[in-house]
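All chains are named by letter (A, B, ...) in the order of the sequence lines, taking the proteins before the strands, and each is independently numbered beginning at 1.
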2 protein chains.
Amino acid sequence: MKKAVRAPRKPVRPSALQAESLQQTRREHASETAEDYVEAIADLTAAHGEARVVDLARRLGVTHVTVNRTLARLQREGYVSVQPYRAIFLTDRGRTLAAECQHRHGIVVAFLVSLGIPEKSAEIDAEGIEHHVSPATLAAFARHLAK
Amino acid sequence: MKKAVRAPRKPVRPSALQAESLQQTRREHASETAEDYVEAIADLTAAHGEARVVDLARRLGVTHVTVNRTLARLQREGYVSVQPYRAIFLTDRGRTLAAECQHRHGIVVAFLVSLGIPEKSAEIDAEGIEHHVSPATLAAFARHLAK
DNA sequence: TACATAATGTAGCCTTGGCTACACTTGAGC
DNA sequence: GCTCAAGTGTAGCCAAGGCTACATTATGTA
């Protein structure tokens, strides 16, 4: 009594499209960490002259152990340059990514604030949203701000 | 030559706030999967009369193995009711969550489209964004749509 | 009814990203 | 120049969420 309904295929949202969207979301998730780290490192370097593991840990809300392991991966991927017991530096690639992220973050926060969302909520939401904003959507946000 | 710069503390973004935001983002990430699954199950049930593992796998863009393991977790958490080789059913709790997600998804997509973003991009972006939209921000989106 | 095929389930592997507990370096100050 | 606290590194645990390969069940159809 369950095979009868097998044929129709009139999904509310087409399966293929949602699968594609979710795969995109998963890809984005994989780069979220890198983005958060390089952005934090850039900010800390600007503010303190250097970025240290403890500072990053405080800033990112995780333990220094997590920071350490993640930095190893980011070094493997060419975003940062790390030496034992030394400060953390961004590579050119890392700096480029950080600049993009800071730019995008600024637009997303400003956009949310322009909708009447309080600064603090805007910050919190932006942190989650910004990694999933496509260039087209970012452009739309910027357009809306310009008006 | 590196200790000198340790004192100032004038972060571009306060550490505590960013840490808090990121912790919130991580909490949201933990519920993303549950939301995507219950929403997909609700949609499939509405469209086909039932939700099967293969359909879910196709819809979510993963293998049936991943679906299976995740369903076990969702059952543990009380969102779905699963029996071997049978269709998947939402519990009351699962249905409630699915309804919320569908509602939120609709608003986010409509909002993005209202900004001039093409339907397909809006769908893709919404899939990533919707999980990080706070009630306040969702309300702001709805307000903007009403205008 | 029997069987082939599709659906489902299981075993076991990988990576990421949390954590605690413990070990080792560094460097500021006595 | 020693010492000790803070910072950093390492070992090893856990859960989530991907995967392939293989085993098992259900069922439409010959």
> How do A/Y37 and B/Q83 order along DNA chain C: which one's closest nucleotide is nearer the 5' end?
Replying inline: B/Q83
> Looking only at side chains, do A/Q24 and A/E20 share a donor and an acceptor under 3.5 Å apart?
Replying inline: no
> When the distance from CZ of B/R26 to P of D/dA16 is rounded to whole Å, what number comes out?
Replying inline: 16 Å
> Can you tell me how far C1' of D/dG17 sits from NE2 of B/H131, to the nearest Å?
Replying inline: 15 Å
>> Can you tell me whether the side chain of A/H64 and the base of D/dG7 have a donor-acceptor pair closer than 3.5 Å?
In response: no
> Would you say D/dC19 has OP1 or OP2 under 4.0 Å from some side-chain N or O of B/T66?
Replying inline: yes
> Distance check: side-chain N/O of A/T63 vs OP1/OP2 of C/dG18, anything under 4.0 Å?
Replying inline: no
> Of B/V53 and B/R69, whose closest DNA chain C nucleotide lies nearer the 5' terminus?
Replying inline: B/V53
> Any idea which of C/dT16, D/dA21, C/dA7 is nearest the A/R73 side chain?
Replying inline: C/dT16
>> Measure CD/B/E32 against P/C/dG17 and give the value in whole Å, please.
In response: 14 Å
>> Nearest whole Å is fine: how far is D/dG17 C1' from B/H29 NE2?
In response: 8 Å
> Think B/N68 has a side-chain N or O under 4.0 angstrom from the OP1 or OP2 of C/dT8?
Replying inline: no
> Using 4.0 Å as the upper bound for N to carboxylate O, is an ion pair formed by A/R104 and A/E100?
Replying inline: no
>> Between A/T70 and C/dT16, is there a contact of a side-chain N or O with OP1 or OP2 at under 4.0 Å?
In response: no
>> Nearest whole Å is fine: how far is C/dT26 C1' from A/R86 CZ?
In response: 8 Å
> What is the distance, rounded to the nearest whole Å, between atom CG of B/L56 and atom P of C/dA7?
Replying inline: 13 Å
> Can A/Q18 and B/D36 be counted as having a side-chain donor-acceptor contact under 3.5 angstrom?
Replying inline: no
> Looking across every strand, which nucleic acid part, if any, lies under 4.0 Å from A/V65 by heavy atom: base, sugar-phosphate, or nothing?
Replying inline: base
> Within a strict 4.5 Å, meaning less than it, do heavy atoms of the B/H105 and B/H131 side chains meet?
Replying inline: no
> When the distance from OH of B/Y85 to P of D/dT25 is rounded to whole Å, what number comes out?
Replying inline: 6 Å
> Taking atom types as modelled and ignoring hydrogens, do the side chains of B/E32 and B/H132 form a donor-acceptor contact shorter than 3.5 angstrom?
Replying inline: yes
> Does A/R76 place a side-chain N or O at less than 4.0 Å from the phosphate oxygens OP1/OP2 of C/dT16?
Replying inline: yes
> Once you round it to whole Å, what is the distance between C1' of D/dT10 and CG of A/L71?
Replying inline: 15 Å
